[in-house]
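Heavy atoms only: backbone and side chains are in, while hydrogens, waters and symmetry mates are out. Counting starts at 1 for both ligands and their atoms, following the listed order.
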Amino acid sequence: IKEEAMGEIKTLNNMEELEELRIKFLGKKGKLTKVLRGMGKLSNDERPVIGQMANEVRRDIEKEINNTRKRLKREIQKKKLEKERIDISIPGKNFILGHRHPLVKTIEELENIFMNMGFSVVYGPEVETVENNFDELNSPENHPSRDLTDTFYITEDILLRTHTSPVQIRVMKENKPPLRIVSAGRTFRFDDVDDTHSPMFHQLEGLVVDENVTMANLKETIDIFIKELFGEDMRTRFRPHYFPFTEPSAEVDVSCLNCKGKGCEECNGTGWSMELLGCGMVNPKVLKNCGIDPEKYSGFAFGLGIDRIAMVKYEIDNIRLLFENDMRFLEQF
Ligand code: PHE
């Protein structure tokens, strides 16, 4: 029995086999146990001799099992270490970093310029009340922009804001002058999509309300902003315009970004490019709507199209590219 056990034990490779062997020889029904059980049948002379032998065999087998267990443990440990070894010479895996969308970059740049000029950045909701989007902004009931064909209505009183100007109302209703804020975000109009139009676009609203705020302050602010954004040699031109919530109102053109005002094909030789923003002195009626005394305070406001600026800055000729999330486009920034 001993030789059989010793022979088998050498061929073992794992703990399970070792346990099987222990049961086979030393278990309740094991081979050696059977011998010990059969002792009663032996004669008085044979019993002590066989008993001693059987016990010795048992000790030897147990010892060998213990040794083997230790050996197997060491081998398993070694294999594990081998497997888990870190090869520090393998080149690292490159991981792909995401990056900022050109629109987000533009918004951050605009916000930074205005923050440096002492403006606070605030946010307003994209889903607005008709009251904030039109009524309080002095937009008359029959104004074409209120038309169903221009505005996404959700209910009779709720809509997707058509501009960021309702943020003006929120700020003036919730705060007392002096106020100096900008607010960027999404705006929505029922436009057909083409290279420069999208039913969803982005605006940045600015509002300043304080004592003695004048049109000169407005012009100066816009001038500085345009120079910060496009460079020192950029000039601005104010053209009279109409908005119900500002009086007087103006649209602002800037030097042609292509020729910097010298006159080229792109600006038809005029040296000026596009209406970049709308602005004006806050209509006293709007101040009153928001509980601000127009006798004591005055203010100016402006709103500009962010998508347009992003397209000029990053030389993107199709607004759709900004919203399609095509990786081939996005990875360029
Ligand atoms: N809300 C106007 C627009 O969407 C822009 C504007 C804002 C004009 C503030 C004047 C003052 O066209």
Novice: Exactly which residues line ligand 1, taking a heavy atom under 4.0 Å from it as the test?
Specialist: His163, Ser165, Gln168, Arg189, Gln203, Glu205, Phe243, Phe245, Thr246, Gly278, Cys279, Ala301, Phe302, Gly303

Novice: For the residue pair Ser89 / Asp87, report whether a side-chain donor-acceptor contact shorter than 3.5 Å exists.
Specialist: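 Short answer, yes.
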
Novice: For Lys219, enumerate each residue passing the side-chain contact (heavy atoms from CB on, under 4.5 Å) test, keeping only those at least two apart in sequence or located in another chain.
Specialist: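 Only Phe238 meet the side-chain contact (heavy atoms from CB on, under 4.5 Å) criterion with Lys219.
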
Novice: Could I get the full list of side-chain contact (heavy atoms from CB on, under 4.5 Å) partners for Asp191, not counting sequence neighbours?
Specialist: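 Partners of Asp191 by the side-chain contact (heavy atoms from CB on, under 4.5 Å) criterion, ordered by chain and then number, come out as Arg189, His197.
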
Novice: Please identify each residue that fulfils side-chain contact (heavy atoms from CB on, under 4.5 Å) with Glu126, with sequence neighbours left out.
Specialist: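 So Glu126 forms a side-chain contact (heavy atoms from CB on, under 4.5 Å) with Arg161, Arg186, Phe188.
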
Novice: Is Arg239 paired with Glu251 through a side-chain N to carboxylate O contact shorter than 4.0 Å?
Specialist: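 Counted as a salt bridge, because a side-chain N and a carboxylate O are separated by less than 4.0 Å.
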
Novice: So Asn132 and Glu128, side chain to side chain donor-acceptor pair (under 3.5 Å) or not? Walk me through it.
Specialist: CA-CA 7 Å; Asn132 284 343; Glu128 260 295 2; 3.1 Å; yes

